[in-house]
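One structure below.
Just so we're clear, the structure is a prediction, and the values are computed from it rather than from any experiment.
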Amino acid sequence: MNIYFINHKVNRTCLSSIILGGSIIILTLPLLLGSFYALPSADDFSNANDVYNFLQNHNSFIAACKMTWSTYLTWQGTFTGCFFIYFFRPFEMMGLIGLRLFLCLNVVLLLGSILWFGHHLTKNLFGLKNRNCLLLFDLVLVFVSFMVCRGGQEIFYWYTGACVYTMPISLTFCCFAFYLRFLWEKKSRINMIVLCILAFMTSGGVLQTTAILCYGMLTAWGCYFYTHKNRDGILAGVPFMAALAGALINALAPGNFVRHSNIEEGIHIFRAIKNVFLLTVSWVKGILMWDLWLYLMILCVMLGLYMVKKHVTRDRKHYPIAFFVIFFVGMMISLFPVCLGYGGDSLAPRNVYICDLYLGVGGAVCALEFGGWLGQEKGYLISKEGFFLTFICVMLIFFKTGEYGKLFEEAAGKTFYQLRSGEIKSCSEEWLIILDEIENSEEQNVVVQVPEIPGTILKTPGLSEDENWWVNQAVAQYYGKDTVAIRPMEK
C-alpha cells in the first residue's frame, strides 16, 4: 500500500513537471516560428555595407574587430554588440535562412539564460529545491519575458537589435546565474577567471543592460559580503570589478559623445536625472494599474509563503523594505544612460522592453522575497492545497475580468495571433518580392510599386518613398543600385 502511494505521488510530481515544462515550451514556440518569417531591416543593410570594405583585405574576425573599433570612435561604445553585428553576418553569408536561424537561436539563448538564472536565484538565495516550484517560478519569468514585455519587435525580429540588445540581455541573465553559483556554490580560480571574462563581455552591450548588470552584481556581492566580512568576501567582488571596467570602457567611448552631439549640444546631467525620476514614477503608476502584473506578483508572494526556506543573510528584519528600495533604485540607474544619451524622456521600443523586463523579473524576485519574509518571520505559512487554491482563484479572476485579451498584444501572443491569421506570412512574402525586385532590376534608379502590406510584429526593411532616406540609400548600396524608392500601388 505504501509503495502504491509513493508511486502515485511520484507520478503526480512528474505530471506536474511535464505540464509546467510544456507550458514554457508553448510560450516559446510562437517566437521560434515567427523567426522563420523575419526580414532584414534598416541598420542590417547599412552595417553590412560598412563592414564590406574591411572584408576585402581581412578575414571575418579582423574585419569585425576593425569595424567595431571604428564604431567605438565614431558612433557608440557597445563593443560586444557591435562585434556580434559585424562578425556573424548571417544574412550576407547564408541569406534569409541564415538570418532566420540566427534569430531563432537568439530566442533559444534568451530562454536558456532565463531558466538558468531562475534556477540559481531560487536555489541559492531562497533555498527552493522543489522541482515544480522552480519550474513554476521559471514559467513566471518566461511569461513576463515573452508575453508581457512591450517592444518585442526590435528584440526578437531584428538582427541588429538581437546583437546589441537581446544577446546582452541573455548574457546578463547568464552572468547573474554564474555569479550566484560562484558566490554560494563553487568558488575556484578558473570559475573566477571565466566569470570575469563573461562579465567584461556582457558589459559591452547597450548601456541600459550594462547598468543593470553592474547594479545586480554589486547587489549580489553586497548580500554575500554581509555574511562573509573577510578576505573571501572581498575577493568575491572581483567579477563585479571586471563588469565595472567594461562598463566604463563602454560609457566613455568617444563615439557616444559624437553621437550625442548630433542630438543636442552639451551633456545635461541634471535634466537627465529629472527625466529618470519622471519616467520611474510614470512606470510605477502604470504597473500598479496593470492587473496582469499584479496577478503575477500575487502568485509569486504565494509561492514565497509556500516554499521559501532560506535567509539570504542572518538579519532579515527589514528585508522587504531593503529589497523594494534596491529594486526601484535599480530602475532609475538603468534609465539614466538612456535619458542622458538621447536627451529626452521618451524611450524607443527596445528600451521599453528592457524596462518592462526589469520590472517584471525584479518585481517577481521582490514578491518572492516578501512572501518568504511573511512566512519565515511572521509565520503566515500556507499549505500546498492553499497555494494551489490561490493559484486557481487568481487564474479565474484573470479570465473573468477579460485581461487575457492583452496576452495577444505583445511578442509571443501577438506573433501567435498573426501567424494564425496569416498576416505574418503575407507581410513577409510581400516584402521579399519587393527586395527581389530591387536586387534583380536592370535599372540603377529603382522604383517599386508596392501593394498595401499588413502591419505585423515583424520588423520590416523600412523603405520609404524618399530615395534620400538613409534606409533607402543603405538598401541601394547593398544591392548595387544608385537609388531605391517605393510607391504605393494604385488601387
Side-chain angles (χ1 to χ4, degrees), residues 31-56 58-68 70-71 75-76 78 80-110 152-168 170 205-206 350 415 424-425 427-441 446 448 450 453 456-464 469-481 484 486:
L31 294 174
L32 295 176
L33 295 174
S35 298
F36 286 96
Y37 292 95
L39 300 159
S41 176
D43 298 71
D44 298 347
F45 293 103
S46 60
N47 290 329
N49 296 333
D50 290 340
V51 78
Y52 178 78
N53 293 330
F54 287 100
L55 287 169
Q56 302 306 303
H58 306 285
N59 60 41
S60 293
F61 180 80
I62 299 299
C65 289
K66 285 181 173 290
M67 194 61 222
T68 298
S70 175
T71 304
W75 189 245
Q76 62 186 17
T78 54
T80 300
C82 289
F83 179 80
F84 288 161
I85 289 173
Y86 301 126
F87 180 72
F88 291 124
R89 299 179 296 108
F91 182 57
E92 298 91 277
M93 297 179 70
M94 297 175 61
L96 271 176
I97 188 63
L99 172 68
R100 291 168 174 178
L101 282 173
F102 181 89
L103 292 177
C104 183
L105 291 173
N106 177 55
V107 175
V108 173
L109 177 61
L110 181 58
Q153 181 188 61
E154 296 184 346
I155 296 295
F156 298 112
Y157 297 114
W158 186 26
Y159 170 66
T160 300
C163 290
V164 180
Y165 288 84
T166 321
M167 294 183 74
S170 301
V206 64
R350 50 194 178 271
T415 299
I424 283 181
K425 182 180 179 182
C427 175
S428 181
E429 289 177 347
E430 291 290 350
W431 275 110
L432 286 180
I433 291 172
I434 294 168
L435 293 178
D436 284 342
E437 187 170 341
I438 293 171
E439 182 179 13
N440 297 319
S441 175
V446 183
V448 181
V450 301
I453 301 174
T456 67
I457 195 171
L458 293 182
K459 182 81 170 168
T460 58
L463 290 167
S464 74
W469 173 238
W470 71 272
V471 176
N472 291 50
Q473 292 179 339
V475 172
Q477 183 181 350
Y478 184 83
Y479 288 114
K481 308 299 180 183
V484 167
I486 60 174

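- Paired with Phe102 under the rule ring pair (Phe, Tyr, Trp, His ring centres under 6.0 Å), one option of Tyr159, Phe87, Phe156 passes, and it is Tyr159.
- With contacts defined as side-chain heavy-atom distances shorter than 4.5 Å, the pair Thr78/Pro168 does not qualify.
- Between the Asp44 side chain and the Trp158 main chain, no donor and acceptor come within less than 3.5 Å of each other.
- The shortest side-chain heavy-atom distance between Ser35 and Leu101 does not fall under the 4.5 Å cut-off.
- Residues Leu463 and Val448 form no side-chain contact, since every pair of their non-hydrogen atoms from C-beta on lies 4.5 Å or further apart.
- Side-chain contact check for Lys425 versus Tyr37: some heavy-atom pair is nearer than 4.5 Å.
- The minimum heavy-atom distance between Leu458 and Gly34, with the atom names listed, is CD2-O, 4.1 Å.
- A donor-acceptor pair under 3.5 Å is absent between the side-chain atoms of Thr80 and the main chain of Gly205, judged by distance alone.
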Could you give me the CA-CA distance, side-chain angles and deciding distance for Tyr86 and Thr71, then say whether side-chain hydrogen bond (donor to acceptor under 3.5 Å, both in side chains) is met?
CA-CA 11 Å; Tyr86 301 126; Thr71 304; 3.0 Å; yes
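- At least one side-chain heavy atom of Met167 sits under 4.5 Å from a side-chain heavy atom of Phe84.
- For Thr68 (side chain) and Ala64 (main-chain N/O), a donor-acceptor pair under 3.5 Å exists by modelled atom type.
- We find the CG-CZ distance between Asn472 and Phe45 to be 10.5 Å, quoted to the nearest 0.5 Å.
- Once rounded to the nearest 0.5 Å, the distance linking CD1 of Ile85 with OG1 of Thr160 reads 4.5 Å.
- Of the listed residues (Gln473, Glu439, Glu92), just one forms a side-chain contact (heavy atoms from CB on, under 4.5 Å) with Tyr478, and that residue is Glu92.
- A side-chain donor from one of Thr415 and Tyr157 sits under 3.5 Å from a side-chain acceptor of the other.
- Considering CG of Leu105 and CG of Leu110, their distance stands at 12.5 Å, rounded to 0.5 Å.
- Contact annotation: the side chain of Val471 never approaches that of Pro461 to less than 4.5 Å [non-hydrogen atoms, C-beta and beyond].
- Residues Leu109 and Ser170 come closest through the heavy atom pair CG-CB, 3.7 Å.
- Side-chain contact check for Arg89 versus Tyr52: every heavy-atom pair is 4.5 Å or farther apart.
- Contact record, Ala162 with Leu103: CB-CD2, 3.9 Å, taken as the closest heavy-atom pair.
- The CD1 atom of Ile433 sits 12.5 Å away from atom CD1 of Ile438, with the distance rounded to the nearest 0.5 Å.
- Atom NZ of Lys66 and atom CZ of Phe54 lie 7.0 Å apart (nearest 0.5 Å).
- Taken from CG in Asn106 to CD1 in Ile155, the straight-line distance is 8.5 Å, to the nearest 0.5 Å.
- Between the side chain of Glu154 and the main chain of Gly161, no donor-acceptor pair closer than 3.5 Å is present.
- Residues Ser428 and Arg100 have side chains in contact (heavy-atom distance under 4.5 Å, counting atoms from C-beta outward).
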May I have the step-by-step check of side-chain contact (heavy atoms from CB on, under 4.5 Å) for Asn59 and Ile62, ending in yes or no?
CA-CA 6 Å; Asn59 60 41; Ile62 299 299; 3.3 Å; yes
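- Of all heavy-atom pairs spanning Trp469 and Gly462, the tightest one is NE1-O, 3.4 Å.
- Heavy atoms only, all atoms of each residue included: Ala63 and Leu55 are closest at CB-CD2, 3.6 Å.
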Run Asp43 and Trp470 through side-chain contact (heavy atoms from CB on, under 4.5 Å) and show every step you take.
CA-CA 9 Å; Asp43 298 71; Trp470 71 272; 3.5 Å; yes
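- Panel note: side chain Lys481, backbone Ser441; a donor-acceptor pair is recorded below 3.5 Å.
- When all heavy atoms are compared, the tightest approach of Leu96 to Ala38 is CD2-O, 3.8 Å.
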